[in-house]
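Everything on this sheet refers to the single structure shown next.
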Amino acid sequence: MKEQQLFRCTYMRGGTSKAVFIKKNELPVDIKERDEVIKAIFSTDERQIDGMGGADITTSKVAIVSPSNREDADVDYNFGQVQIGRDAIDWNTNCGNISSAVGPFAIDEGMVKTTDPLTEVRIYNVNTDKILVAKVETKDGRAAVHGDFVLDGVPGTGSRIELDYCRTAGAATGRLLPTGNPTDILMVDGVGEV
């Protein structure tokens, strides 16, 4: 068993979820070692007593963020859903809630130059190989926190963050419409045509 190690991270809410945000250079390069560090941060037991998770899928999330080398992105973002009660992390999806916090995190960590009062952050989602764009309210070179925007499910008000997902269509299925049709008619037993 190794002694404790120091890793800089930020615990941050995005939409109606929370995640541990870590700069990529804070983590081991080896993927297996990286995942072991992340699982130790959260604790994968059902109650997550030793970790940050909170025993709920909405609070057992990790975001790894780094400056991007891509021409079409400012930052790279890798999302992980840390499994509760299982020794695993799902790296195959994205989370819209946590995506909304990537822009403010990148701004506050100095990865993106601001253009007050609104800063656009182009985010490459490693998991889906897609680009999304966040428009973040900024003030004095930092992500704004206070504002009058209301988000259902979140108490109080805050600054508005707009997300543009127009270039993310088909991330899971390879196409915008899962069946390829804008409308499908299904026969449902006991109900009929829907």
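Computed from a predicted structure; not experimentally measured.
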Least distance between heavy atoms, I98 atom then S17 atom: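 Here I98 and S17 meet closest at CD1-CB, 3.8 Å.
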Is there a side chain to side chain donor-acceptor pair (under 3.5 Å) between T138 and D116? Walk through the geometry before answering. CA-CA 5 Å; T138 52; D116 292 352; 2.8 Å; yes
State plainly whether the residues [X] and [Y] are in salt-bridge range, i.e. N to O under 4.0 Å.
X	Y	answer
E162	R160	yes
R8	E109	yes
E26	K23	no
D164	K135	no
R70	D72	yes

Check whether the side chains of [X] and [Y] place a donor and an acceptor atom closer than 3.5 Å, and report yes or no.
X	Y	answer
N94	S99	yes
T179	D184	yes
Y124	D74	no

Any donor-acceptor N/O pair, [X] side chain to [Y] backbone, under 3.5 Å:
X	Y	result
D148	T157	no
S68	E71	no
N127	W91	yes
S60	D56	no

Any chance NZ of K18 has more than 12 other-residue heavy atoms, nucleotides or ligands included, within less than 6.0 Å?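 Counting other residues, nucleotides and ligands, NZ of K18 stays at 12 neighbours or fewer.
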